[in-house]
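The chains referred to below are lettered A, B, ... by the order of the sequence lines, with proteins before strands, and numbering in each begins at 1. In what follows, every heavy atom counts, from backbone to side chain, and hydrogens, waters and symmetry copies are set aside.
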2 protein chains.
Amino acid sequence: MNMKTKDKILEVALRQFNELGADQVSIRTIANELQISAGNLCYHFKNTDAIIFQLYLNLAEEMGKMVEVVQHPDTDIAQMIEETELTFSIMYKYRFLMLDFIAITRRISELREHFRQIIRLRQQQLREGIENLVSKGLMHKEWAPDMYNHLVLHSMMVADAWIPNAEVHFDEKGEPIVRFYSQMMFSMLVPFLTESGLAQYHKALEDRPEWQAGLRFGASF
Amino acid sequence: MNMKTKDKILEVALRQFNELGADQVSIRTIANELQISAGNLCYHFKNTDAIIFQLYLNLAEEMGKMVEVVQHPDTDIAQMIEETELTFSIMYKYRFLMLDFIAITRRISELREHFRQIIRLRQQQLREGIENLVSKGLMHKEWAPDMYNHLVLHSMMVADAWIPNAEVHFDEKGEPIVRFYSQMMFSMLVPFLTESGLAQYHKALEDRPEWQAGLRFGASF
DNA sequence: ATAAATTTAGTACAAGTGTCCTATTTTTTT
DNA sequence: AAAAAAATAGGACACTTGTACTAAATTTAT
C-alpha cells in the first residue's frame, strides 16, 4: 500500500510540530524531510496554517469517534479512568496544538470557535459522569452550592493545562506522562467519593499495577 | 522627570506583547512606536528575547516583593483571597509570558529553570496556607491519603492555566477577569472548609460586594 | 491512444527578521 | 574646555518565510 503524499505530509508535519513547536516548522522543513519540493507541498497545502487546521480537524474527528464509542451510560470508576486516559492519549498525539494553542488561534480564528465546541462536549461528558456516580452512591451529593459546577470548571482547566505543565516540569515523554496526568485528573474526584466509591477506586488501582507505579514530580514538586 | 529610553522600551514592549502576542512583536515594531531607530533599540537590548527576559525578571521581582509583604503567618480567609487576587494581578500584567510560555522557554532556556523556582515558592505558600487553615479549624483534616498534596497540584495547574483559559473563553479584559479567576481559584478550597470556614468565606464575600457580582461563563460554559 | 486532470519540481519575488557596522550627536567625566 | 563614554540614527547583509508562477512528469479518464 502506498501512502498518499498528502498523508505523508501530515504525518511528518505532526511529528515536527510536536518536536520543534509550531513556530519552528515551515513548508520547507517538511518538504526537506520528505524529499519533495516546496512547490509540491504548496500544491497540497497552501501554507503551514492549512496543515495545522487539517491536523486539528483530525484531532476533532478522533475525539468525536471516541465519544461515540464511550456512550454507554453506566460506566464504573475503572472505565471512567480508562476513558480519561484514552482522551488524554489523543490530546497528547496532537500536543503541539495544546502547547501553542493561543498563538495558533490568533492566526486561525475558525479554530477557536470550533475548539469551544469540543470543550463543551467534554464538559457535558464529565458532568454526566459525575451525576452517574452520584446516582449510584459512589459520589456524595454536593454539600455546598455549585460545588460540582466548580469541580467541572476546575477539571476542564486542568484538562487544558496538563500538557504545558508536563512540558515544563518533566523531561520524560510519551505513555508515562499520559498515565500520570490521567491519574492526576481523576484524583480530583477522590475527595468527593463515598466509601463504596473509594473502595472501587482502590480496587481499580490494584487491578492495574501500571496505574499505581507512575511518575513522581522530581525536584520541582 | 524623564523616563529613560530603556524603561520606555520595556513599557511599550510589554503592551505590544500582551496585545499582539510574542511572535508578532519585533525590535522594529517597538522602535516604530517609540519613534526611535532600530539600531538604537538594539543598543539597549540586543534582540526581542533580551527584552522578554528582562520583562520576566521584572515579573519575578514583583512576585518576590509581594511574597515578602504577605509573610505574616496567621491570615484569615478574606486575606487569603486578597493575596490570590494580588498574585493574579501581577501575572495578568505580564500575561503574554503565560500565554506564550512554552514557545518562550524553548528559546530562552534560563527562563524555564528560573520559573520552576517561582512555582516552588507559590506551591509552598499554598501548602502553608492550607496547614494554617487546618490548624485553625477552618479546613478539615485530610480524610484521604495525599488529598491535600493533590489539591496543591491541581491548584498550581489552575494557576498556570487561567490566563490562557480567559483568552479562549472571554472577550473581556482587565480587572473583571482577574477577579473572576481569583474567585475560581479560591473556590477549589471550599469543599474542604469546615462549617466555621464556610461561615468566614461567606462573610468575606458579603463584605466585598465586588467579589459577589462577577462574571459568568457565557455561551461556552 | 490520446486528451485531460493531477501531481511534482524548480525557481523567483517581496516582505520581514536578527545581526552587525559606521557615523553622528548627546551626555558625563576629568 | 577637552576627553571619554553613552546614546542614537541609518543602513547593509544574510537568512527565512509565504506566495506565485511555469514547465515537466505522471496518472486517470475517455
Side-chain angles (χ1 to χ4, degrees), chain A residues 1-56 96-97 99-100 102-111, chain B residues 1-56 96-97 99-100 102-111:
Chain A
M1 58 137 267
N2 241 333
M3 226 179 167
K4 298 276 188 194
T5 305
K6 201 158 181 170
D7 294 320
K8 280 197 239 164
I9 292 171
L10 288 173
E11 188 188 349
V12 169
L14 178 58
R15 185 161 37 72
Q16 287 199 5
F17 279 132
N18 282 335
E19 280 175 14
L20 308 172
D23 55 340
Q24 293 301 311
V25 178
S26 70
I27 47 175
R28 283 178 177 82
T29 61
I30 300 169
N32 277 345
E33 182 172 335
L34 280 169
Q35 308 262 44
I36 64 173
S37 69
N40 185 9
L41 202 155
C42 286
Y43 169 75
H44 293 283
F45 297 98
K46 198 181 164 196
N47 52 32
T48 46
D49 282 353
I51 299 178
I52 290 174
F53 191 63
Q54 182 56 55
L55 285 172
Y56 170 79
F96 84 96
L97 282 171
L99 289 172
D100 298 307
I102 298 296
I104 290 172
T105 48
R106 266 202 274 253
R107 293 203 311 266
I108 313 176
S109 54
E110 302 107 295
L111 217 144
Chain B
M1 57 141 266
N2 240 333
M3 225 179 168
K4 297 277 186 192
T5 303
K6 202 157 182 171
D7 295 320
K8 281 197 237 165
I9 292 172
L10 288 173
E11 189 188 349
V12 168
L14 178 58
R15 186 161 36 72
Q16 287 198 6
F17 279 133
N18 282 336
E19 280 175 14
L20 308 172
D23 55 339
Q24 292 301 312
V25 178
S26 70
I27 47 175
R28 283 177 176 83
T29 61
I30 300 169
N32 276 346
E33 182 172 334
L34 279 169
Q35 308 261 46
I36 64 174
S37 69
N40 186 11
L41 201 155
C42 286
Y43 170 75
H44 293 283
F45 297 99
K46 198 180 165 197
N47 51 32
T48 46
D49 283 352
I51 299 178
I52 290 174
F53 191 63
Q54 182 57 54
L55 286 172
Y56 170 78
F96 83 97
L97 282 171
L99 289 172
D100 298 306
I102 297 296
I104 290 172
T105 49
R106 265 203 273 253
R107 292 204 312 266
I108 314 176
S109 54
E110 303 107 295
L111 217 144

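The distance from atom CG of D49(A) to atom C1' of dT19(D) is 13 Å, rounded to the nearest whole Å. When rounded to the nearest whole Å, the span between CG of L41(B) and P of dA9(D) equals 10 Å. Atom CG of N47(A) and atom P of dA20(D) are 10 Å apart (whole Å). Atom OH in Y43(B) sits roughly 6 Å away from atom P in dA6(D) (whole-Å rounding). Distance, K4(B) NZ to dA6(D) P: 12 Å, rounded to whole Å. In this structure, H44(B) places its NE2 atom 6 Å from P of dA7(D), rounding to the nearest Å.
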Could you please spell out the steps behind the side-chain contact (heavy atoms from CB on, under 4.5 Å) verdict for L97(B) and I52(B)? CA-CA 8 Å; L97(B) 282 171; I52(B) 290 174; 3.9 Å; yes
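Counting heavy atoms from C-beta on, the side chains of F96(B) and V25(B) never come closer than 4.5 Å. Two residues are said to be in side-chain contact when any heavy atoms from C-beta on lie closer than 4.5 Å; L10(A) and L14(A) fail this criterion.
Listed by first then second residue, pairs satisfying salt bridge (Lys or Arg N to Asp or Glu O under 4.0 Å) with a partner in residues 26-48 of chain B read R15(B)-E33(B), not counting sequence neighbours. For residues 21-52 of chain A, no residue pair satisfies the ring-ring contact (aromatic ring centres under 6.0 Å, His included) rule, not counting sequence neighbours.
Taking CZ from R106(A) and CG from D23(B), the interatomic distance works out to 7.0 Å, rounded to the nearest 0.5 Å. Taken to the nearest 0.5 Å, the CD atom of Q24(B) stands 9.5 Å off from the OG atom of S26(B). The line from CG of L34(B) to CG of L41(B) is 7.0 Å long, rounded to the nearest 0.5 Å. Atom CG of L99(B) sits about 12.5 Å away from atom CZ of F17(B), to the nearest 0.5 Å. The distance from atom CG of L55(B) to atom CG of N18(B), rounded to the nearest 0.5 Å, is 9.0 Å. Rounding to the nearest 0.5 angstrom, the gap separating the OG atom in S37(B) from the CG atom in N32(B) is 10.5 Å.
Although no hydrogens or angles enter the test, the distance criterion places a donor-acceptor pair under 3.5 Å between the side chain of Q16(B) and the main chain of T29(B).
Less than 4.0 Å separates DNA chain D from no heavy atom of any residue of residues 30-39 of chain A. Listed by residue number, the members of residues 102-110 of chain A with any heavy atom below 4.0 angstrom from DNA chain C form an empty set. For DNA chain C, the residues of residues 15-28 of chain A within the heavy-atom distance limit of 4.0 Å (strictly under) are R28(A), sorted by number.
T105(A) and I102(A) make their closest contact through OG1-O, 2.9 Å (heavy atoms, listed as atom of the first residue, atom of the second, distance).
Where DNA chain C meets chain A (any atom under 4.0 Å from a heavy atom), the bounding nucleotides read 5' to 3' are dT6(C) to dA12(C).
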